[in-house]
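Take a look at the structure below.
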Amino acid sequence: MSARRADGGGVVVIGLGRFGCHLAGSLSRMDREVLAIDRNPDQVQRWSAQLDRVVQADSTEEGALRQLGVASFGRAVVAIGASVEASVLTVLALTELGLPQIWARATSQKHAKILSSVGAHHVIFPEAETGDRVAHLIVSRLLDFIELDDDFAIATVRVPASLVGRTVLDLRPDDRFGVRVIGAKLPGERFRYASDNTKLPQGGVLVVEGGIDQVQRFAGLG
């Protein structure tokens, strides 16, 4: 394996259509280990020069996925859009392998409901989501984010365990966290603007702004 980051075992992207390729490319540019799978040999050949590892396989077959080592990955994204049956059977196969995070593309609300019922942890609608945005959500602890510029975002994150009980003011000295807390949602309450005296409770959610890398690091604090 290359020197790419493999946090949680990397990401498997299944289905190399337009969305799957965009997503795999975004993850690769974020220096993540990516295993891309498609049953179409033409698609595999087309993308083999652009992605680290691209293989031809039938993703609906649990044995094939197991042989490729998919079970060792922390996350998988089923980006199949042409066949509802193939996407559902692929999610089932991944569930049998015990992957901790399964993301799946849905083409309709009914499709989304089926995917969730068979084991998908997150359902996405590519028509409303960009590959870059989904890539950031997959590999971080961000709950949601809006990219306002190439290197600036507003995001919602859970209060990191190491900061529980502290105040917003405690985050400001020397700007060592690199983000600004602009809102907070305390358990059982609505979002509100954060003040210097706002305490960071366990289970709370914050709205923060800053560079994308800084926001992701903040979300990943233990």
Side-chain angles (χ1 to χ4, degrees), residues 1-40 43-44 46-62 64-82 86-106 112 115-116 118-126 128-145 147 153 155 157 212-213 215-217 219-220:
M1 189 180 73
S2 69
R4 289 184 180 275
R5 293 174 58 185
D7 305 27
V11 184
V12 181
V13 176
I14 301 174
L16 291 176
R18 181 180 300 177
F19 177 71
C21 290
H22 191 173
L23 176 63
S26 295
L27 290 166
S28 184
R29 288 191 295 274
M30 292 167 65
D31 205 28
R32 300 284 170 164
E33 180 194 6
V34 178
L35 167 61
I37 301 172
D38 198 285
R39 69 194 311 172
N40 186 332
Q43 285 293 85
V44 171
R46 177 184 176 186
W47 293 100
S48 60
Q50 301 181 46
L51 299 171
D52 283 347
R53 189 181 174 199
V54 186
V55 297
Q56 180 187 356
D58 183 353
S59 61
T60 66
E61 296 290 337
E62 179 189 341
L65 297 180
R66 189 181 300 277
Q67 189 173 11
L68 290 173
V70 169
S72 67
F73 283 72
R75 310 171 185 91
V77 184
V78 181
I80 299 170
S87 72
V88 171
L89 291 177
T90 297
V91 169
L92 276 171
L94 293 169
T95 301
E96 290 297 316
L97 291 178
L99 263 74
Q101 285 194 43
I102 302 173
W103 296 64
R105 171 187 182 176
L115 290 171
S116 296
V118 298
H121 304 104
H122 308 274
V123 176
I124 51 181
F125 291 87
E129 306 274 7
T130 67
D132 287 338
R133 184 172 181 275
V134 173
H136 280 291
L137 293 175
I138 289 171
V139 302
S140 73
R141 295 183 181 179
L142 299 178
L143 300 177
D144 201 355
F145 89 106
E147 187 173 358
V157 303
I212 293 175
D213 289 343
V215 168
Q216 288 188 333
R217 276 199 298 270

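For the residue pair R39 and Q56, the shortest heavy atom distance occurs at O-NE2, 3.4 Å. Summarising the geometry of G74 relative to P100, their closest heavy-atom pair is O-CG, 3.2 Å, with the distance given to 0.1 Å. The two residues L68 and A57 come nearest to each other via the heavy atoms CD1-CB, 3.8 Å. Of all heavy-atom pairs spanning T60 and A86, the tightest one is CG2-O, 3.7 Å. What you find for L51 and A36 is that their closest heavy atoms are CD1-CB, 3.9 Å. Contact detail for S116 and V123: the closest heavy-atom pair is OG-CG2, 3.4 Å.
To the nearest 0.5 Å, atoms CG (L16) and SG (C21) are separated by 4.5 Å. Within the model, atoms CZ of R53 and CD1 of I37 stand 8.0 Å from one another, a figure rounded to the nearest 0.5 Å. Rounding to the nearest 0.5 Å gives a distance of 6.0 Å between CG of L65 and OG of S59. Summarising the geometry, atom CH2 belonging to W103 is positioned 7.0 Å from atom CD1 belonging to I124; distances are rounded to the nearest 0.5 Å. Atom CZ of R75 and atom CD of E33 lie 11.0 Å apart (nearest 0.5 Å). For the atom pair L89 CG and L94 CG, the distance stands at 11.0 Å (nearest 0.5 Å).
No donor-acceptor pair under 3.5 Å is formed between the side chain of S28 and the backbone N or O of A24. Of the possible polar contacts, none joining the D38 side chain to the V44 backbone as a donor-acceptor pair under 3.5 Å is found. Side-chain atoms of T95 come within 3.5 Å of backbone atoms of V118 as a donor-acceptor pair (strictly under, hydrogens ignored).
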So V55 and L35, side chain to side chain contact (heavy atoms under 4.5 Å, CB included) or not? Walk me through it. CA-CA 8 Å; V55 297; L35 167 61; 4.0 Å; yes
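Shown here is Q50, whose CD atom has more than 12 heavy atoms of other residues, nucleotides or ligands within 6.0 Å.
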